[in-house]
Structures are given as C-alpha cells and as structure tokens.
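Structure, as structure tokens:
We number each residue from 1, following the sequence as shown. Worth saying up front: this structure is predicted, and the values here are computed from it rather than measured.
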Amino acid sequence: MRDIKTIFIVDDNDVNRITARNALDGTYIPYAIPSAEQMLKLAERITPDLILLDVEMPDMNGYEALEILKQNEKLSKIPVIFLTGKNDPESEMKGFELGAVDFINKPFSAPVLIKRIESHLENIRLINEINDSKKAAEEANMAKSKFLATMSHEIRTPLNAIIGISEIELEREDINGDIKNSFNRIFSSGHMLLGIINDILDLSKIETGKLELVPANYKTTHLINDTIHLNAMRIDDKPIDFRVTVAETLPLYLYGDELRIKQVLNNLLSNAIKYTDKGTVTFEVYSQERDDGDIFLVFTISDTGQGMTQEQLNTLYEEYSQFNRDVNRATEGTGLGMNITKNLVDMMDGKIIGKSKPGVGSTFTVYLTQKPVSNEILGADIAESLESFKFAGKVQRTRIDREYMPYGRVFVIDDVEANVFVASALLKPYGLHVDTAASGYTAVNKIRNGSEYDIIFMDHMMPGMDGVEATKIIRDMGYDKPIIALTANAVIGQMEIFIENGFDDFISKPINIQQLDDILNKLIRDRKPIETVRAARAQKKADTHTVTENSVSSKPLDLIRGIEDIHADAALELMGGNADAYVQTVRLFARLTPETLEKTDKYIEGDDLKAFTIEIHGIKGAMRNIGANKTGNHAARLETAGIRNDIGYIKEHYPIFRKLINVLLDDLKEIFTITDAGEKETADLSALTAVLSRLKESLQEYDCVSVLELLKPYIDFSYGEAADALLLGIRHALESFDNKSALEIINKLESLQES
C-alpha cells in the first residue's frame, strides 16, 4: 500500500487555502488550517510530512510560527515551504535563515507546487534512508568490534600460558639443543600470534583513526629471523620451496614499530603459503636510501600460487575480502589481514604494490619508512645465515633487573587478602615502603588524614566503595599523585574509562611483572634526584637480599605442581620466579577461600547478585594468581552472569563450580597439613626471644611482609603445642595484614615464654 503523505496548508485567506487544498487533494492528505496557532496545536496530535505556510497572518505570522516549530524537538525536522505574496529578496532570505526549505510566490501554479513538494519529500526520504543505513552500519560495526574484543580476550588466556611455559623451559639449562630450539620457536610463534590477536582488536581503532604506532629501536636480524621461522612452519608438508634473500647492506639497527612490521609480513607470507599448493614462495629484504636521511625498508613476497585477476586485486584491501571462495572453502582466514596490512603500511609512510596473474602467482612489494639508528650493516655472514635458516640469534624475552627503591612509598588497596599479599610480594624486591588497605573507605580516610604516596595501586571491583568511587573522592580532595587501577578486565576501551575517572594508568591481573616494573621506574625512580637513585643502588650492592626458588623447601611447591588444575610454573613466572611468595599465596588462598565461599553461598540463597558478583570476582582473581585457570574460568563465567543479572545461569552452574573448588581446596589442605606438620625439629622457646622485639618494631611500621620474612626461619621448628598454635596465629594475622591481631598474639607468646 502506498504511503500517502500529510500536508498542512496554513493561510488566513479562505480562497488561497481552498485552492491549495484542491490542488493537493487526491495526491496527498491535505489539512486546510486558517491560523498559525491552530496549526501548532494540531501538529502536536498529527505530525505532518510537510507544511505550506503563509507569511502575512493576523496574531502570529509565518516567521514567528516557524521559529516556534524549530524549538520543538518533535516538530523541528518537518520541512516548511513559505507560500506567500511577498516577493522581495529580503523576505525570501529571512525565510531561509529561519530554516524554510523553499519559498513559493502567490499566485502559484498547481503543477509546479506539486512538483516542488514531491522534490522536497523525496529529499527527506533519501536523507532518512541514508540515516537509517548509517545507523545500521554503526550497529553492525559495533557488533563486529565487540565480537573481536571478546574473541581476542578469550584467546589470550591460553596463549599466555603457552608463552609463559615455553619461556620457563627456555630458562632451564638441562635441555638439549633440539628441544631448546623447539621451545624457541613456540615462544616466538606464541608472541607473534599474541601480537596479531591484539592487533585484530585494533581494527575498530583503525576505522576511527585512533590506532597509534609504538616505534622503538629494533634489530633487523630478529625481525627477519622471527618472521621466516614462523612462516616456514606454516608450509608443513606442502611441496613448497621457501627461499629467503637478505641484502648484506641492510642496516643492523632501525627505529620503527617492529611488531606492526611483523604483522604486515606475517599477513603477506601466510597468504602466499596459504594460496600456493606447490612451487616457490620467495621472501626478499633490502633497503633504499631516501633524500631525507631515512630509508625505505623493502620487502618483496612472491609466490607461484593461484594468483588473482585485476578485479580481485582492486578489492583485496577491503574488510573481510576473500576470493575464489568455491576453490578456497577449506582455507582458513577472516579476510581482515590485507585491510589491516594496507592501513599499517599507510601509517608507516609507506606503500604496497601488488601484481598478480591467475594460475601464475602473485608478488607484493612493501616500502616502509624507517630511521637508521647506526651505520652498522648485517654483512655477508649474517645475511647468509638468515637465508639458510641458521641464524643463531636468541629470541628476545623479557628479563627484569629490578631497581632498588627504598626511597619510594606505595599504597596497595584490594579487598582480597591474597591479592594484597601477591602485590606486596612482587613489590618487596624493590625495597619500597608498602602500605595496604582492604577497602575504598580505608584508602579515602588514609589520604584524608594526610598520607601521600608515589603511587596508589587501587583495585577496581570492591564491595561497598569500588576503586572508581574511591579515586573520584580522593581526586576531589585535591590529591594529584599517580593512581594506578588494578583490574582483571584488560579490554579495549578500559584505559579510556579509567583515565576519565581520575586514574593515571592500569595494570591487569594477574599482575604482569614487566608492566609493574615499567610503572615503578617511570613514576618513582625517574622522578627522584639522581643522587638519591645512585645512593640506593650503592646500598643494594652492599647488602643484596634476593629471594629465589631455592630459599623455600621445594616439597610444597612440588606437591602443588602435582595438582591437575593448577599451572604452578606459569603462575610462578608471573611472580618473577619468587617461589616463596608463590607458596605463601597458595597457602593463603587455601586458608581464606572457604570463608569467602560461605558468603557466596549466602548471597545466592538471598538472590543478592551484586554482592555475589563482587565476591566471585575476588575468587576469580585469587585463583588466577595461583594458576588455577580452569576453575578460575568457571568463576569468571559466574561473574559475567552476575553482571548481566542472569540468576538462572548462576543457580545452574554455581554447584558445579563449588564441587570443583572444594576438590581443589581439599588437595591444598592435604598438602599443607603434611608439609606444615611433618618432620619439624624441636627447638627451645627461648630461641624466639631475640626476634620477638624486632617483630614488634616492624609491626609499628605496619610492614607485615618484612615481619613474615623475619619470622620465616623460625616456622620450621616446633616449640611445643601452645607456642606452635600462637606462632601459626601470628603467621595467619600477618598474611591477612591484621597488624593489631599479630601484636596481640606476640604479646601472648612473650607471656607464655615468661611463664
């Protein structure tokens, strides 16, 4: 059925009004209205598609009526045509300035009037169609970006384990060359894949112009070696000859974004291998000088594969572009790679040239602008070793040389005690003064009372007052020192949200030691006088105290490694190899989690989803700290269900999670019962005399971590049933950062000794 448009004809002259109505009747639904006031009232009930408006009318003229229409949100978009006897340019100009779409003089021609109305209504239809299409495109783009963000986040979790475990194995000295080479390739491939996954997440940023390059000095040998080894593995058992040519005059060191270059090369080489069933894939690298002192780093990738028509080449850089779908149905790929490649090449002030012929193959040449860092070149020997896949350069991995910063003060706020313990343990090697709190309220009060820190590490999700609320209040007090968010949700857009709410940066959980080290160096070391930094370094050389895996009995760690659900080595790596801190974290988790689970049970029974979500969020973070990823992922799904108020999902799946975590806690309880109780040497209680006063002094400074260090040598001895119970109570209080209880129990231990 045809959509018949409604037209208002507003004119105080009966003849003009009826003439216009008769001209439009049959084509439109005309309403003949004698005054502007009546038109405005009727428009609130019946919204017209167009208004024909006279200028000269009593009480309210057409100009005044149009101004009122434009101020009404509901009526402001209605097109208005002035139909008037005024034919001077000033009157016409005033009408257009007020927002009229046309100006028709009386007497008018009915056919001309209808044509002009048709024209304006068609324009409105096209504009609405464009707006609808734009809205649909924006919604589709948002859905695509959300999908990419979700998928990349899920993939990163197992990939981090692959990278972490391969890096741990590479540190071992008892593995042979072939195995080490395999782990090197796993590590390199994992890192490359992680970079690509993160880059796919940036697709939405490319579209909005928000993607930024991160240039740094890099070694071309690592760039080329990592790229050729990763893509050589893609060939698998295909009868393809992978040929590499590297110019010996290539600069050894360049300045640019190495990860983005690897992404460009990986996309091009993976396509060449993917679409070549047999024959040759060639990878050539050389450089060309530019007039401005920079160089073009040039890559040529050729293959003898399927090839493309010119039409296919023309559409190759469009999103989700794939060709020969019937032939390549089994070929994996999203079709995003070449679109991202083209954008990255453009960002690096480069160009990409593609040539192809169906059945013959394709050649892509990439020119990227890079800055030489030195005059060193590869030379013939290195170039030959790269070409023959025999380059011996090690894969670069993160190594932390921690700066000693006794001059620094930090404040850690987290409602989960295990998380506070982990953060404090990771901060300990830096020699920092560390204060802690378990809630946003405590943090706010501490700052209100005048405490200042080089850095505040603020947990995001906490009961009562979360990290965002606490930070807003602290900022409103005028506090301007750095505040870093601690969060388990490191997704696209999170940084912007934290910055908008007063944070300076964020660290994702489990805490990445490299990210933590970068922030400590930037916000503490680099802001202190050089004399202070040098004095601390000299102090560290004079008195080095490094905790390593050998400083703790390997028995509990070995037993923890035997639990199927715990990836102990990966979690240990995240703690910088500090086995003592890791074992203590697991011990703390085993002791405190049952109490937290009682809360979650109660919250589910009472349908208190908000409280449940906060508690399960804390459990999830604690489980990931100890490497219990499988059960931790169950907690993550329950947290997500809590956020979306899906009580049905929670009540169905929480019992499964409860069974899994109960099994885990039983295993841990058995481990620590055995290791804590077994084979303790008997010692005289007087052996504790000297240390108790030192413990109390340290507790006056609220330094529970240092007190635990002082207490550690005495824990492996037995002093009698009563003393052992008090000693265990002190330990539990310290692990919970309960300074007051620890002091009270020490006093009881002193009294026991005196009696």
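Counting non-hydrogen atoms of neighbouring residues, nucleotides and ligands closer than 6.0 angstrom, the CG atom of Asp132 exceeds 12 such neighbours. Remark: Gln288 CD is packed, more than 12 non-hydrogen atoms of other residues, nucleotides or ligands lying under 6.0 Å away. Applying the 6.0 Å contact sphere to CD of Glu289 captures no more than 12 heavy atoms from other residues, nucleotides or ligands. Counting heavy-atom neighbours within 6.0 Å of Asn375 CG, excluding the residue itself, gives a total of 12 or less.
We find the CG-CD1 distance between Leu252 and Ile382 to be 6.0 Å, quoted to the nearest 0.5 Å. Summarising the geometry, atom CD1 belonging to Ile647 is positioned 11.5 Å from atom OH belonging to Tyr654; distances are rounded to the nearest 0.5 Å. From Lys620, atom NZ reaches atom CG of Asn633 across 9.5 Å, with rounding to the nearest 0.5 Å. Within the model, atoms CD1 of Ile507 and CG of Asp505 stand 7.5 Å from one another, a figure rounded to the nearest 0.5 Å. Between Lys278 atom NZ and Ile240 atom CD1 the span is 11.5 Å, to the nearest 0.5 Å. Going from atom CE of Met347 over to atom OG1 of Thr369 covers 13.0 Å, rounded to the nearest 0.5 Å.
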Return all side-chain donor-acceptor pairs below 3.5 angstrom for residues 358-368, not counting sequence neighbours, or 'none' if the list is empty.
| residue | atom | partner | partner atom | Å |
| --- | --- | --- | --- | --- |
| Ser362 | OG | Ser356 | OG | 2.6 |
| Thr363 | OG1 | Ser302 | OG | 3.2 |

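The backbone N or O of Ile273 lies less than 3.5 Å from no partner atom in the side chain of Thr276, so there is not a single donor-acceptor pair. Checking side-chain atoms of Glu387 against main-chain N and O of Val246 turns up a donor-acceptor pair under 3.5 Å.
Between Leu265 and Phe283, some side-chain heavy-atom pair lies under the 4.5 Å cut-off. A 4.5 Å side-chain heavy-atom check between His460 and Phe503 finds every atom pair outside the cut-off. Between Leu259 and Val214 there is no side-chain heavy-atom pair separated by less than 4.5 Å. Contact check for Leu297 versus Leu223: side-chain heavy atoms found under the 4.5 Å cut-off. Leu664 places none of its side-chain heavy atoms less than 4.5 Å from the side chain of Leu660.
When each of Thr227, Asp257, Asp226 is paired with Lys262, the side-chain hydrogen bond (donor to acceptor under 3.5 Å, both in side chains) condition holds for Asp226 and for no other.
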query = Do Asn521 and Asp517 pass the side-chain hydrogen bond (donor to acceptor under 3.5 Å, both in side chains) test, and can you show the C-alpha distance, the side-chain angles, and the key distance before you say yes or no?
reply = CA-CA 6 Å; Asn521 288 333; Asp517 187 72; 3.1 Å; yes

task = Report the C-alpha separation of Arg637 and His653 in whole Å, then their side-chain angles, then the decisive distance to 0.1 Å, and conclude whether the side-chain contact (heavy atoms from CB on, under 4.5 Å) test is met.
result = CA-CA 9 Å; Arg637 288 190 284 272; His653 291 87; over 6 Å; no

message = What verdict does the side-chain contact (heavy atoms from CB on, under 4.5 Å) test give for Arg243 and Asp241, after you've listed the backbone C-alpha separation in whole Å, the side-chain angles of each residue and the deciding distance to 0.1 Å?
response = CA-CA 6 Å; Arg243 299 175 184 174; Asp241 182 16; 2.6 Å; yes

message = Run the side-chain contact (heavy atoms from CB on, under 4.5 Å) test on Leu638 and Ile619 for me, step by step, so that the C-alpha distance in whole Å, both residues' side-chain angles and the decisive distance to 0.1 Å come before the verdict.
response = CA-CA 11 Å; Leu638 288 168; Ile619 293 173; over 6 Å; no

Intermediate values then yes/no, side-chain contact (heavy atoms from CB on, under 4.5 Å), Ile295 and Leu254 = CA-CA 9 Å; Ile295 67 157; Leu254 291 172; 3.7 Å; yes

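Between Phe506 and Phe498, the angle of the ring planes lies from 30° to 60°, which puts this pair in the tilted group.
The side chain to side chain contact (heavy atoms under 4.5 Å, CB included) check on Ser119 picks up Asn123, with sequence neighbours excluded.
Using a 4.0 Å cut-off between a side-chain N of Lys or Arg and a carboxylate O of Asp or Glu, Asp349 and Arg290 qualify as a salt bridge.
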